[in-house]
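One structure below.
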Amino acid sequence: MNTLKIERDSRGVAMVAMNRPQVHNAFDEAMICELIEAFRDLGADDTVRVIIIAAEGKSFCAGADLNWMKRAAEYDEDQNREDAGQLALMLNAIYACPKPVIARVQGNAFGGGVGVVAAADIAIGVADVQFSLSEVKLGIIPAAISPYVIEAIGARYAHRYFISAERFSASEAYRIGLLHDLASSVEAMDEQIAVLCNALLANGPKAMESAKNLIQAVSHKSIDDELMEDTIERIAQIRSTPEAKEGIRAFLEKRQPNWVKG
C-alpha cells in the first residue's frame, strides 16, 4: 500500500490509516483503490475482528486531492461517471464491511472525509476538530457521500450543511449525530477507542455482522407483516448457528464464549 498504513494486533484489531499527511490525506485515484482493497480484504479475513479507520498527520481527510480535481475538470461525462463510481465503491466498502468499523477522527474532515466518518459504524473525534461539506463552494454536490451523511445526520441538518458549506465544530457534529463521542485530546480518544474495542471483541463476530445487516434491512421500513416476518426469519436462522449456541451455553455456564481470547 502506497497511500495507507495498515497495522494489526494479536487480538484481531486492524488499523487502516490514510497516509498522505502532506496533502491532508486528500483522496486521489490511488488512495480510493487502496481503501477499497483494504476493506474488502480485511472484511473477508476471519482473524480480523474490528477495523479502525484513522489518519496520519494533523488532518483526518481534506476530501478530494487538488491534482485529482484538476484532472477531473477535464473529464467528459462518462469519465466523471466512472470516477464517481470508484468513490462510491470506496464508501460502500467501509459501510458494508462485515466487521465493526470505528472512525478515529484526530483532525479536520472536509468533503469526502465527512463521508468516511459517516460510513463508519462508530465515530469518535477530538473536541477541537472541524467539519465541512464544502462541495457547493466548488460548484459541485456531495452526491457519492450523501447516503451515508444523510443517514448519520438526517435530512434536516443535511439541508443546512450541504447548502451552506459552512464549517461546523466537533460539538455540533456530536449534537447532530455525525460523531458518537467527543474526546478532550488524541490520547483520551485512543483510550475511549481501546475501551470500545474491548467491548466489541467480547461479542460474537457473526452476530455483529448480522446486526449490521439487520440495521440496513429494517431502517426506514414500515412495520408491516413483511418486515416482521423478515425479523422472525433472521432471529430463527441465527439462533441455530454454532456461534449462537456457544454464546448461550457460555452465558448459562457463567464462562467466556470461545471467541473471547485470554
With rounding to the nearest 0.5 angstrom, report the CD to SG distance, Gln192 to Cys197.
12.0 Å

Might you point out which heavy atoms bring Phe60 and Val105 nearest each other, and give the distance in Å?
CD1-CA, 3.9 Å

Under 6.0 Å from the CG atom of Asp224, do we count more than 12 heavy atoms belonging to anything else shown?
yes

Would you check if the side chain of Lys261 reaches a backbone N or O of Gly12 as a donor-acceptor pair within less than 3.5 Å?
no

In terms of side-chain heavy atoms, does Asn198 have a donor or acceptor partner in Arg11 at a distance below 3.5 Å?
yes

Are Lys221 and Asp230 packed together at the side-chain level, in the sense that at least one heavy-atom pair is separated by less than 4.5 angstrom?
no

To the nearest 0.5 Å, tell me how far Ile36 CD1 sits from Asn92 CG.
9.5 Å

Show your working on side-chain contact (heavy atoms from CB on, under 4.5 Å) between Tyr157 and Arg175 and close with a plain yes or no.
CA-CA 11 Å; Tyr157 286 110; Arg175 187 182 74 83; 2.9 Å; yes

Should Phe110 and Val129 be counted in the same cluster of Ile, Leu, Val, Met, Phe, Trp and Tyr side chains packed under 4.5 Å apart?
no

Minimum side-chain heavy-atom gap Leu182-Ser171 below 4.5 Å:
yes

Looking only at heavy atoms, which two atoms of Glu135 and Ile141 are closest? And how far apart?
CB-C, 3.7 Å

Can a salt bridge be assigned to the pair Lys99 and Asp121 using a cut-off of 4.0 Å between side-chain N and carboxylate O?
no

Compare all side-chain heavy atoms of Asp45 with those of Arg8 and state whether any distance is below 4.5 angstrom.
yes

According to the interplanar angle, ranging from 0 to 90°, do the rings of Phe131 and Phe168 count as parallel (below 30°), tilted (30 to 60°) or perpendicular (above 60°)?
parallel

To the nearest 0.5 Å, atom CG of Asp28 lies from atom CD of Glu34 at 8.5 Å

Using side-chain contact (heavy atoms from CB on, under 4.5 Å) as the criterion, point out the one residue from Ile122, Val50, Ile52 that pairs with Leu196.
Ile122

Chi angles and distances behind the side-chain contact (heavy atoms from CB on, under 4.5 Å) call for Glu166, Arg160:
CA-CA 9 Å; Glu166 63 194 302; Arg160 174 171 180 173; 2.8 Å; yes

Minimum-distance pair of heavy atoms, taken over all atoms of Met31 and Thr3
CA-OG1, 3.2 Å

If I compare all heavy atoms of Ile153 with all of Ala158, which pair ends up nearest, and what's the gap?
CD1-N, 3.7 Å

Can you tell me if CD1 on Ile223 sees more than 12 non-hydrogen neighbours from other groups inside 6.0 Å?
no

Are Met18 and Val23 joined in one hydrophobic group, where the rule is that I, L, V, M, F, W and Y side chains link up if heavy atoms are under 4.5 Å apart?
no

Quick one: do Val186 and Leu179 end up in the same hydrophobic cluster if we chain Ile, Leu, Val, Met, Phe, Trp and Tyr together by side-chain heavy atoms under 4.5 Å apart?
yes

Are the side chain of Arg49 and the backbone of Leu201 linked by a donor-acceptor contact shorter than 3.5 Å?
yes

Give a yes or no on this: more than 12 heavy atoms of other residues, nucleotides or ligands lie within 6.0 Å of atom CG of Leu138.
yes

Give, for atom CE of Met1 and atom CD of Glu37, the distance between the pair rounded to the nearest 0.5 Å.
4.0 Å

Rounded distance [0.5 Å steps], CD in Gln216 versus OH in Tyr95
4.0 Å

Any chance you could measure Ile102, atom CD1, to Ile53, atom CD1, to the nearest 0.5 Å?
12.0 Å

Please confirm whether the backbone N or O of Ala123 pairs with a side-chain atom of His180, one donor and one acceptor, at under 3.5 Å?
yes

Do Ser210 side-chain atoms and Ala207 backbone N/O form a donor-acceptor pair below 3.5 Å?
no

Measure across Asn25 and Ser59 and return the closest heavy-atom pair with its distance rounded to 0.1 Å.
ND2-O, 2.9 Å

Do the non-hydrogen side-chain atoms of Leu35 and Phe27 ever get within less than 4.5 Å of each other?
yes

Please check if the number of heavy atoms outside Arg156 that lie under 6.0 Å from its CZ is greater than 12.
no

Under 6.0 Å from the CD atom of Glu226, do we count more than 12 heavy atoms belonging to anything else shown?
no

Test Gln106 against Asp190 for side-chain contact (heavy atoms from CB on, under 4.5 Å), laying out the working first.
CA-CA 10 Å; Gln106 94 298 351; Asp190 286 337; over 6 Å; no

Salt-bridge present (Glu246, Arg255; N to O < 4.0 Å):
yes

Decide, yes or no, whether a salt bridge links Lys212 with Glu209 under the criterion of side-chain N to carboxylate O below 4.0 Å.
no

Between Ile238 and Leu214, is there a shared hydrophobic cluster once you connect ILVMFWY residues whose side-chain heavy atoms come closer than 4.5 Å?
no

So does Asp65 pair up with Arg20, basic N to acidic O under 4.0 Å?
yes

Are Ile51 and Cys97 packed together at the side-chain level, in the sense that at least one heavy-atom pair is separated by less than 4.5 angstrom?
yes

Search all heavy atoms of Leu91 against all heavy atoms of Ala119 and return the closest pair with its distance.
O-CB, 3.8 Å

Heavy-atom side-chain contact between Glu29 and Gln86 under 4.5 Å:
no

